[in-house]
Amino acid sequence: MLSIIIVNYNVKHFLEQCLYSIRKAIEGIEAEVIVIDNASADNSVSFLQTHFPLFRFISNTGNTGFSKACNQGYALSKGKFVLFLNPDTIVPEDCFLKCISFLDSNADAGALGIRMIDGSGKFLKESKRAFPSPATSMYKLSGLSALFPWSKTFARYHLEYLPENKTNAVDVLAGAFMMIKREVLEKTGLFDETFFMYAEDIDLSYRIQQAGYKNYYFADSCIIHFKGESTKRLTLNYVRMFYSAMNVFVKKHYGGSKAGLFNLIIHVGIWLRGGLSAIGKFIEKIGLPLIDAGLILLSFNITRIFWSAYIRPDLDYNIPLFWASVPIFTLIYLLVSYYTGLYDRHYNPSRLIPSSVITTITLLAVYSLLPEKFRFSRGIILLSGILSFLLISLLRIILVRLKVLSNNKYAELHPQTLIVATQPEYEKIVRLMQEAGLQERVMGRISIHEKDTTAIGNQKKIRELLKLFSFSEIIFCEGSLSFKEIIESLQQLPGNITAKFHAAGSQSVVGSDSKHMSGETLTKENGYNLSDPNNRRLKRLLDIFTSFLFVLTFPVHLFFAKKPLSFFRNCFLVLSGYNTWIGYATNEEYLPPLRKGVLACNGIHLSLQQQFPEESLKMADLWYAKDYAPLNDLRIIFRVYRRLGG
């Protein structure tokens, strides 16, 4: 009997796809599936329990951590083989049979890990690892492992000298997929609950070897591990937790001078990775506009020097007027760049050109409105705009190469999508995407069988289709196509095509373009206009504009607004970004997040919402988010203008 234990935390739709793949993979096998939910806030259990009545769901009241939840699941299990599996995985139909057969036929095998690929088809090096000795860790931290990937000395951390398509004995198995004989766990003990998250798989792998068994990397099957879903990687918190867990491991299993050296290396790692993570976060959240501002100021100064030297040597541009104007132009440049999407979550190169063009035109328009005595040269503004564009482009290229920014070339605002499916499956996905408000992305269907001539092409000729159609995304539909066939096809995709997945019977489509990035889910929950970054920017711009207008015309509101002092207080709260004029009536967690509203979307002050039924308020919030339009906010604001003070 096989016992499959999954610890879930806020990855409802990834877990949904995982469970559908498991249900196929356990056909013909005596198996039990136990899902331990660590107090997810996304209704994972209630959503999935009805779809998988034969699986066992346990809901914890708090996040107990990975190790403790795994042990909790093990205590309820009965299988001869125990599989600890991550919720953000997809397994092929023959995976479990092959793994069980291997463990059964190899007496020295205590546990087994598997070949893993991410959501874009790239091999995950974590599939096979060595124990993190001081030397191995130093080679990885110093970059020698990357310089000499085939060296048995320098590349030992991820055992890169071992072929990824060949089964081998290894030191460490990834906790995302660990199949272990029960008899082994009875000797070694379970996961050490000292490890809340991270390094618990290294610790258990170490104890399995200490008990006289081998850990095997199994290459005869392959799973998708989206990675970075249950935990957000490359954050400062991730770095701290990971290296703290490694510190616990070292103290537990190494002694004397070796432990001291290892701890030194670990603390260097914490400071190094933590520092890089902090810099990356600073650049991503705050620093990028500041760096851009510096580049824009630099561009103006270089242009000024060039203009004075070669174009108008008779004029001196190094004057207070010039230096007073440039910061204002820089601020305008940044504001326009923000509202044209340059600082969205992921960097999209295609947005930089229109952003720069619109910004330069805006600067020239503002310049033309200035009195003659405040003007210096249109040519300087135009040339500065071009130079700023070049410098900002170069900066983005460097940051993408350093992986501080993710290049969003795979996630266009409206990517063109082809769906690999039969006609009925295709129609279902189109309906799902309509519910998600994304139907305009669908270009057409790719057939599964060559005899099907009603589609625009066949899945075996995807590369040829690229020459005929400009598409950037493929959705694989499981049903007529097996999970195994999907995993095999994923590894053959061109590098510029992203993939998403839909299991037959599921209510979602999931995907992740990189192991470092949180994934994307497409469901009817996505169909909110308020989720669109452009609409969110327009909403904020509307808040700023109306608040600023009210403040500028303040004497009028002393006579017409009820509670004028509260009215002006609200104006400043909205202007500062603490509040928004129109918000939700309830605290619904699953709608696009909003600042606290002065008014609810029904136009009534929040303090008066208790007089309405809660279900009605939730429905009003739902439709507000779904059908959001900036003009609706404007209508509400001016319709109830007198009550904006409460």
Side-chain angles (χ1 to χ4, degrees), residues 278-313 315-402 404-409 533-534 537-538 540-541 544-545 548 577:
I279 291 168
K281 277 295 171 189
F282 173 76
I283 290 174
E284 182 184 348
K285 298 291 185 185
I286 304 168
L288 196 56
L290 292 179
I291 295 171
D292 285 351
L295 292 177
I296 296 163
L297 290 170
L298 177 63
S299 299
F300 270 103
N301 197 34
I302 292 172
T303 305
R304 176 190 65 80
I305 295 169
F306 171 81
W307 208 260
S308 295
Y310 299 104
I311 308 298
R312 294 296 303 271
L315 293 177
D316 179 18
Y317 290 102
N318 192 20
I319 53 176
L321 171 62
F322 179 84
W323 292 113
S325 303
V326 167
I328 297 171
F329 287 144
T330 301
L331 181 60
I332 293 171
Y333 196 110
L334 294 176
L335 285 172
V336 176
S337 296
Y338 171 77
Y339 283 104
T340 51
L342 190 59
Y343 299 111
D344 280 356
R345 181 186 171 197
H346 304 298
Y347 167 57
N348 190 331
S350 64
R351 286 183 180 164
L352 186 55
I353 295 175
S355 175
S356 297
V357 170
I358 293 169
T359 301
T360 304
I361 292 171
T362 304
L363 288 177
L364 288 170
V366 171
Y367 176 86
S368 66
L369 296 173
L370 293 174
E372 187 69 35
K373 62 180 179 179
F374 293 120
R375 300 181 190 177
F376 42 86
S377 174
R378 287 188 181 88
I380 290 180
I381 293 175
L382 183 60
L383 192 58
S384 297
I386 295 171
L387 185 57
S388 296
F389 165 75
L390 294 174
L391 291 176
I392 290 172
S393 296
L394 179 61
L395 173 69
R396 296 301 192 276
I397 291 169
I398 293 170
L399 293 178
V400 167
R401 290 286 177 87
L402 294 174
V404 174
L405 287 182
S406 61
N407 189 337
N408 199 27
K409 62 182 179 181
N534 289 324
R537 280 193 294 270
L538 287 172
R540 178 64 188 141
L541 191 60
I544 293 171
F545 173 77
F548 191 64

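Not measured: the values here are computed from a predicted model. Computation of the quantities below employed the complete heavy-atom set of this structure, encompassing side-chain atoms and omitting hydrogens, waters and symmetry-equivalent molecules.
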>> Can you list everything that forms a ring pair (Phe, Tyr, Trp, His ring centres under 6.0 Å) with Phe548? Sequence neighbours excluded, please.
In response: none
> Say you draw a straight line from CG of Leu295 to CD1 of Ile302; how long is it, rounded to the nearest 0.5 Å?
Replying inline: 9.5 Å
>> Run the side-chain hydrogen bond (donor to acceptor under 3.5 Å, both in side chains) test against Arg378 and tell me which residues pass, sequence neighbours left out.
In response: none
>> Rounded to the nearest 0.5 Å, what separates atom CG in Leu541 from atom CZ in Phe545?
In response: 9.0 Å
> Among all residues two or more places apart in sequence or in another chain, which pass the side chain to side chain contact (heavy atoms under 4.5 Å, CB included) test with Leu363?
Replying inline: Phe329, Ile332, Tyr333, Thr359, Ile381
> Less than 4.5 Å apart, any side-chain heavy atom of Leu391 and any of Leu395?
Replying inline: no
> What is the distance from atom CG of Leu298 to atom CD1 of Ile291, rounded to the nearest 0.5 Å?
Replying inline: 13.0 Å
> Which pairs pass salt bridge (Lys or Arg N to Asp or Glu O under 4.0 Å) with one or both residues in residues 289-298, sequence neighbours excluded?
Replying inline: Asp292-Arg396
> Say you draw a straight line from OG of Ser299 to CD1 of Ile392; how long is it, rounded to the nearest 0.5 Å?
Replying inline: 7.0 Å
>> Taking side chain to side chain contact (heavy atoms under 4.5 Å, CB included) as the definition, give me every residue that meets it alongside Ile361, ordered by chain and number, with sequence neighbours left out.
In response: Val357
>> For residues 320-329, which residue pairs pass the salt bridge (Lys or Arg N to Asp or Glu O under 4.0 Å) check, not counting sequence neighbours?
In response: none
>> Would you compute the distance between atom OH of Tyr310 and atom CD1 of Ile305 and round it to the nearest 0.5 angstrom?
In response: 10.5 Å
> Got a sec, which residues hit side chain to side chain contact (heavy atoms under 4.5 Å, CB included) with Thr303, two or more places apart in sequence or on another chain?
Replying inline: Ile380, Leu383, Ser384, Leu387
> Can you list the residues that meet the side chain to side chain contact (heavy atoms under 4.5 Å, CB included) rule with Leu335, with sequence neighbours excluded?
Replying inline: Leu331
>> To the nearest 0.5 Å, what is the distance between OG1 on Thr330 and CG on Leu297?
In response: 4.0 Å
